[in-house]
Amino acid sequence: MSTSETVIRVENLGKRYRIGTNQPPAKTLGGKLKNTLTSPFEWLEKQMRPPTEEETLWALNDVSFEVNRGEVVGVIGRNGAGKSTLLKILSRITEPSIGFAEIRGRVGALLEVGTGMHPELTGRENIYQNGCILGMRKWEIDKKFDEIVDFSGIKKFIDTPVKRYSSGQRVRLGFAIAAHLEPEILVVDEVLAVGDIEFQNKCLGKMQDIADRGRTVLFVSHNMGAVENLCSRAILLNNGTIFENGPVNDILKKYTGFINNKQILNALSTNKDRSGNGMLRIRNVKILSNQSLRTNCSFTLSISVENCSKKPISKISLGYSISTSTGTILFISYSDYSDIYFSCQRENIEFHIEVRKLPLTPGHYEISARLLGENIELDWPRYPVLKFEILNSGIHDEYKNPHSGKGPISLSSHWKIISN
Amino acid sequence: MSETSEKTLLIKPTKGFSSLGLHELWEFRDLLGFQILKEIKGKYRQMALGPLWIVLQPLINMIILSLVFGKVAKLDAGGIPYPLLTYSALIPWTFFQNASQLSSACLVTEMNVISKVYFPRMILPASYIIGRIVDFLATFSILVIMLIAWGYYPSLKWLAILPYLALAVFTTLAISTWTASLTVQFRDMKFLVQYGTQAAMYITPVAYLATNFPPEWLWLLKLNPMFYVCEGFRWSLIGVGQGPELYMLWPISIVVIMTISGMFMFRKTERTIVDLL
């Protein structure tokens with residue numbers, strides 16, 4: 001240990017997975033038959049030898065960091081960035097391929113709420129069973145039993161088999177058990193994706209409580225509000241390596257940029273699911289990095305359009321829509337609504353749309369775009385051209401809003417009382 | 001903070017075989033207890049006959065085997081009532097068959113727990129095997145009733161079944177540690193164990209006395225540790241069948257070697273099992 005305060009030290013940690021490689025399918029029936037017969041042997045041969053370079057995927061590569069006692073560190077990154085692999089190694093579910101991690105103190109890992117609950121057993125029996133799986137001793141559970149039941153709020157059903165529970169009740173019981181584990185280091189993976197808002201807040205409160213008592217928490221979440229609230233530091237993973245490691249606010253800024261600019265780009269050049277005569281093609285949509293994005297949700301949307309026809313085109317109307325991540329369209333706006341038309345010569349063009357004070361609550365949203373010409377459709381990709389996440393609308397302090405996430409629109413209201 | 005909590009844990013790739021980590025099994029002994037409880041309690045919930053099935057399985061087998069080999073084939077029973085003859089060997093055999101089938105599949109059946117939380121995986125086969133010992137006790141109590149009914153009264157010689165039971169336990173452990181590790185990569189193992197143990201019953205003196213086997217092949221059949229377990233149960237309780245002999249050391253040493261190597265194999269699989277499941 002480098003200092004007495006370090007409780008987690010990770011050095012050059014890496015995890016290699018073997019992935020399948022594609023074989024060209026046989027053309028003839030004989031070839032197919034031969035492949036079927038030889039495949040078990042080929043498979044065996046593959047298992048025996050070390051994987052070749054193209055069969056190797058480094059889910060985690062050369063990751064080093066330290067966590068001090070009492071720190072609450074958020075681990076963020078896109079899907080497949082290596083967050084879960086990291087937690088799996090730290091909670092000893094799987095071994096790393098190279099490097100090492102040194103951990104001081106008991107680790108409590110909560111990679112899934114309600115792991116190992118037996119549906120046929122009662123809540124009471126499951127508390128003991130589950131507590132033991134998470135590493136508690138029986139006497140510790142005895143001591144905590146009433147607290148766990150209180151926290152879960154299912155006192156009435158404690159002697160009912162868990163299979164009769166609603167999924168919410170099951171989650172509550174699962175988190176209650178894990179939260180009372182009292183490990184020195186708590187590793188939590190995206191548990192808050194389940195359960196209602198009220199319970200989510202209760203869980204966050206409990207985690208805050210654990211952190212306040214000087215325990216170390218490693219927290220993986222997509223809920224940026226929760227990460228920002230709870231964590232002092234964040235580690236941003238990308239493609240299995242540490243992209244950035246620092247104060248949570250700096251990291252979150254980068255992470256939003258991350259989402260904004262990267263997710264859809266490939267689809268726009270490869271996805272053929274679009275209509276229109278193709279004289280103009282939308283090639284790139286991005287949100288221009290802008291400080292006011294974080295403060296009041298105003299930003300500039302940049303849409304690059306290629307002129308495939310190489311001819312002058314006039315009377316172009318540009319439209320865009322914003323929908324929720326579940327596909328509900330929130331609004332549609334075309335420039336011709338305001339009698340604004342564009343025209344272009346042979347060159348490629350770039351439109352800038354200034355979006356002012358987007359009244360949306362925190363969450364994930366999608367933008368679609370469409371180009372219309374005079375009585376004709378020019379280009380319409382039938383999929384979102386950009387996805388983005390709103391952290392804070394700037395209208396309310398969303399972290400104070402217990403109903404955050406219950407509706408996509410955030411409006412500022414003027415309140416006053418009229419006396420009789 | 002307590003001194004146990006300040007332990008430093010080093011997570012790094014292990015090369016080759018690691019220690020058996022038996023001290024860890026001890027640390028997780030409460031989990032072993034609850035795992036057994038869960039297994040036994042969960043299994044028979046919402047069944048009309050419930051735990052009665054534990055004893056019904058060997059009893060039904062006893063009736064079938066007695067009819068086929070006693071009544072139809074009229075094999076030599078050495079003057080012992082045929083049901084008693086089969087049942088006394090059926091109960092260690094049923095233990096062996098159920099325990100090895102369940103515990104060899106344990107890593108796959110408990111996949112969702114294994115992939116989410118760490119604990120010594122050896123707890124799983126151990127809990128299945130101990131759970132079947134509990135079943136064994138239930139079936140044994142029926143045997144005691146049968147023995148007394150046919151006039152065989154308890155004696156000190158009955159205690160001789162304990163080492164035989166231990167041999168059956170270790171045979172199961174040897175098979176399940178090896179097959180559980182292999183099942184992770186080759187799901188075929190599950191069927192192999194299932195049909196293998198079913199077929200093995202016929203080369204083990206379960207349904208008939210060993211004297212019915214061709215004597216020139218006995219040296220080979222006796223390499224099967226369950227041969228001695230089944231015959232030994234009869235020898236201890238009823239007084240017929242093959243008792244202990246020096247040749248037993250062969251199957252016993254096979255079991256010892258296979259158990260120890262199997263446990264090391266199991267430990268090796270355990271480390272990266274999540275990546276293979």
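Quick note on labels: first sequence line is chain A, next is B, and so on, each numbered from 1.
- The side-chain heavy atoms of A:Lys88 and B:Val274, taken from C-beta on, include a pair separated by under 4.5 Å.
- In this structure, the separation between CZ on B:Phe34 and CE on A:Met136 is 11.0 Å, given to the nearest 0.5 Å.
- Among all heavy-atom pairs drawn from A:Pro96 and B:Pro13, the shortest one is O-CB, 3.3 Å.
- Of the inter-residue distances, the one linking A:Cys132 atom SG with B:Arg29 atom CZ reads 10.5 Å to the nearest 0.5 angstrom.
- Rounding to the nearest 0.5 Å gives a distance of 11.0 Å between CG of B:Leu31 and CZ of A:Arg137.
- Of the two parts of A:Ser97, only the backbone, made up of N, CA, C and O, holds a non-hydrogen atom closer than 4.5 Å to a non-hydrogen atom of chain B.
- Here the NZ-CD1 distance, from B:Lys12 to A:Ile89, works out to 14.0 Å after rounding to the nearest 0.5 Å.
- Looking at A:Lys15 and B:Asp275, their side chains come closer than 4.5 Å, going by heavy atoms from C-beta outward.
- When all heavy atoms of B:Tyr118 and A:Ser91 are compared, the closest pair comes out as CB-O, 3.2 Å.
- Remark: B:Arg271 CZ to A:Arg92 CZ distance equals 13.0 Å, nearest 0.5 Å.
- Taking the side chain as every heavy atom from C-beta outward, B:Leu9 and A:Glu102 never approach each other to under 4.5 Å.
- Judged purely by distance below 3.5 Å, without hydrogens or angles, the side chains of A:Glu95 and B:Thr14 pair a donor atom with an acceptor atom.
- The minimum heavy-atom distance between B:Val117 and A:Ile93, with the atom names listed, is N-CD1, 3.4 Å.
- Looking only at side-chain heavy atoms (C-beta outward), B:Ile11 and A:Phe100 stay at 4.5 Å or farther from each other.
- Using a 4.5 Å heavy-atom threshold, the side chains of A:Ile133 and B:Val113 count as touching.
- Salt-bridge check for B:Glu27 with A:Arg106: failed, with every basic side-chain N at 4.0 Å or more from each acidic carboxylate O.
- B:Ser127 pairs by the side chain to side chain contact (heavy atoms under 4.5 Å, CB included) definition with B:Leu32, B:Gln35, B:Ile36, not counting sequence neighbours.
- Applying the side-chain contact (heavy atoms from CB on, under 4.5 Å) test between B:Asp30 and each of A:Lys138, A:Glu140, A:Gln129 identifies A:Lys138 as the sole match.
- Partners of A:Lys143 by salt bridge (charged side-chain N to carboxylate O under 4.0 Å, His left out), not counting sequence neighbours: none found.
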